[in-house]
K.L.:
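The structure's right below; bear with me while I get my questions together.
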Amino acid sequence: RVLRGWRNGSPLPPGPESEEQRAGLYEDVGEDLPEVELTLDACASPGRALDGSPAALDDESVEGRICRWTLEGAQPASHYTVTIVAVNAVGRGKPFDMPDVRSASTVPGPVGEVCGQSGATKTSVRFAWRPPAYDGGAVVEGYEVRWAILSFGQQPPSDLLAFMDGGGATRLGSAELLAGRESYEVTSLKPGDLVLPLVRARNSVGHGAWSSQPDGERLALLRSLPDVPESLEQPPLLESASPSDHRPYWLTARWCCPAPSGDAIMSFDLRLVPCVEDSDSGIVPEGDQPKEVHLVCEQEGWSCDQGADVSMPSLHAHLVPGVKYHLFVRARNSIGCAVSWGPPSQANHCPPDLPCQPPPPTSMWQWPEAIEVLWSKPWMRGAALDECGMRYCYA
């Protein structure tokens, strides 16, 4: 029988290969080899390939002595008919047939392509494979499954098995399955995790070759579903910034990007909450009372990696000078915004500005040579009153 060779999921090209190199890499293609006849001549070492080349028995063979010959180059788990004919100077004797001589079994061939299945969730992925095309001449008893888990944004390695064995992977798993169960589900994943599996079949002889490494379009079904970004773990920073124009009350916000949960972060929502009771705001006119300020921080084509520092250097719109603010931040992706706002920043004053115009003065008392002038202290916009100037002229 002709057995076609396989290696790493591809047909094995013809060529000189050792028995060890070809072990377990065959598939029966239903063809027959032509008959091979070996002529046993003198003084050759026992054991030659099935290629029709001459072989030999010991010259000192005598009647009744057991002669042994090893037919090398046989395919694993294959059936052969061996015919033995004695030849002397007179001619050939009566042939003796040994029908259905079977070579030993070997390990199974590689399993079919491992592919992800539909129905992945935010915490689980299921993948499946086909049984090996060649069982090695012994019933497949089960499968060994190994997998590595990569977080969103990590690139798959070029050699997955070396990546698993060499300590490059920190999130690994394995399982032993019985035959008939050609699928497996990996659970306890994070949103956007990528599962990279390897599978090999097992029979009574041993384990076959590992399956090929998933790549290309197969990776899409091996990834858990994305979710909204995680909330910030560390509070943001709210700092005073140097003025760049006539507005002296700029603030700079800084924070650390949270886990994106399987989908790139597109923008951040900023919430500035005033602390009026703890601010040196003085008497704030009713129209300028501090309110919550909501802003969006985003950039076109922006991709923010987990742990990266993000800043917004120009916070000034709708802020009240001299008022303390707490900053809250939450991330947003195409799925939606984070479930909750992150922890608040330390309260920081919005830098002061020029004082407001005082209200019109009044005069309750007048004398021939004097006038009493009264006025209210204006809103100082975050800075203490240094001096008050008054100018008067004759009407």
Side-chain angles (χ1 to χ4, degrees), residues 3-12 20 22-28 76-77 104-151 154 156-225 262:
L3 302 178
R4 179 167 50 207
W6 290 84
R7 175 176 293 141
N8 296 332
S10 300
L12 192 68
E20 181 180 354
R22 285 188 175 269
L25 303 174
Y26 301 100
E27 174 191 16
D28 193 337
S105 300
T106 185
V107 297
V111 302
E113 194 174 73
V114 181
C115 298
Q117 294 183 308
S118 59
T121 69
K122 297 175 184 177
T123 59
S124 66
V125 164
R126 178 175 288 276
F127 51 86
W129 58 91
R130 297 187 308 276
Y134 175 59
D135 61 9
V139 176
V140 173
E141 297 176 349
Y143 303 96
E144 181 183 0
V145 184
R146 295 181 64 184
W147 63 88
I149 302 173
L150 303 184
S151 300
Q154 283 187 274
S158 57
D159 188 336
L160 180 56
L161 190 58
F163 180 68
M164 292 178 177
D165 295 336
T170 56
R171 301 166 65 191
L172 297 172
S174 62
E176 290 284 347
L177 306 179
L178 295 177
R181 183 180 173 188
E182 283 79 26
S183 66
Y184 190 79
E185 184 177 33
V186 179
T187 58
S188 302
L189 300 176
K190 297 179 180 179
D193 278 349
L194 177 63
V195 179
L196 296 176
L198 291 175
V199 182
R200 62 179 179 178
R202 179 187 75 251
N203 62 13
S204 57
V205 179
H207 289 87
W210 288 105
S211 59
S212 59
Q213 178 176 334
D215 57 7
E217 297 180 355
R218 286 195 288 164
L219 297 179
L221 291 176
L222 291 170
R223 190 180 294 278
S224 58
L225 297 182

K.L.:
Distance check, rounded to the nearest 0.5 Å: Glu141 atom CD versus Arg202 atom CZ?
P.N.:
6.0 Å
K.L.:
Taking the side chain as everything from C-beta on, heavy atoms only, tell me whether Met164 gets closer than 4.5 Å to Leu172.
P.N.:
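Met164 vs Leu172: side chains touch.
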K.L.:
Do you know which two heavy atoms are closest between Tyr143 and Ala201, and how far apart they sit?
P.N.:
CD2-CA, 3.8 Å
K.L.:
Measure the CZ-CG distance between Arg171 and Leu196 for me, rounded to the nearest 0.5 Å.
P.N.:
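Going from CZ on Arg171 over to CG on Leu196, the span is 11.5 Å.
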K.L.:
For residues Pro108 and Pro132, report the shortest heavy-atom separation together with the two atoms involved.
P.N.:
CB-CG, 4.2 Å
K.L.:
Report yes or no: does Asn203 contribute a side-chain atom to a donor-acceptor pair with the main-chain N or O of Gly137 at less than 3.5 Å?
P.N.:
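Judged by distance alone, no pair lies under 3.5 Å.
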K.L.:
Provide the closest heavy-atom pair for Leu177 versus Val145 in the form atom of the first, atom of the second, distance.
P.N.:
CD1-CG2, 3.9 Å
K.L.:
Taking atom CG of Leu160 and atom CG of Leu198, what is their separation to the nearest 0.5 Å?
P.N.:
4.5 Å
K.L.:
Say whether, by atom type as modelled, one donor and one acceptor occur between the side chain of Arg146 and the main chain of Ser174 under 3.5 angstrom.
P.N.:
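No, Arg146 side chain to Ser174 backbone: no donor-acceptor pair under 3.5 Å.
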K.L.:
Around atom CD of Glu217, are there more than 12 heavy atoms from other residues, nucleotides or ligands closer than 6.0 Å?
P.N.:
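Counting other residues, nucleotides and ligands, CD of Glu217 stays at 12 neighbours or fewer.
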K.L.:
Examine distances only and state if a side-chain atom of Gln213 and a backbone atom of Pro157 form a donor-acceptor pair shorter than 3.5 Å.
P.N.:
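Side chain of Gln213 to backbone of Pro157: a pair is present.
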K.L.:
Identify the heavy atoms of Arg218 and Val114 that sit nearest to each other, and give their distance.
P.N.:
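Shortest heavy-atom contact: NH1-O, 2.9 Å.
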K.L.:
Distance from Arg126 atom CZ to Tyr184 atom OH, nearest 0.5 Å?
P.N.:
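Between Arg126 CZ and Tyr184 OH, I get 9.5 Å after rounding to 0.5 Å.
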K.L.:
When you compare the side chain of Pro131 with that of Val140, does any pair of heavy atoms fall below 4.5 Å?
P.N.:
no
K.L.:
For Arg223 and Ala120, which heavy atoms make the closest approach, and how far apart are they?
P.N.:
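Reported closest heavy-atom pair: O-CB, 4.0 Å.
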K.L.:
Which value, rounded to the nearest 0.5 Å, describes the distance between Arg130 atom CZ and Glu182 atom CD?
P.N.:
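Those atoms lie 11.0 Å apart.
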K.L.:
Closer than 3.5 angstrom, by distance alone: can the side chain of Ser224 be matched with the main-chain N or O of Gly192 as a donor-acceptor pair?
P.N.:
yes
K.L.:
What verdict does the side chain to side chain contact (heavy atoms under 4.5 Å, CB included) test give for Thr121 and Leu189, after you've listed the backbone C-alpha separation in whole Å, the side-chain angles of each residue and the deciding distance to 0.1 Å?
P.N.:
CA-CA 9 Å; Thr121 69; Leu189 300 176; over 6 Å; no
K.L.:
Taking the side chain as everything from C-beta on, heavy atoms only, tell me whether Phe163 gets closer than 4.5 Å to Leu150.
P.N.:
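With C-beta onward as the side chain, the pair touches.
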K.L.:
Side chains of Phe127 and Val186: closer than 4.5 Å at any heavy-atom pair?
P.N.:
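They are in contact (side-chain heavy atoms under 4.5 Å apart), so the answer is yes.
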K.L.:
Distance check, rounded to the nearest 0.5 Å: Asp193 atom CG versus Leu222 atom CG?
P.N.:
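With rounding to 0.5 Å, CG (Asp193) is 12.0 Å from CG (Leu222).
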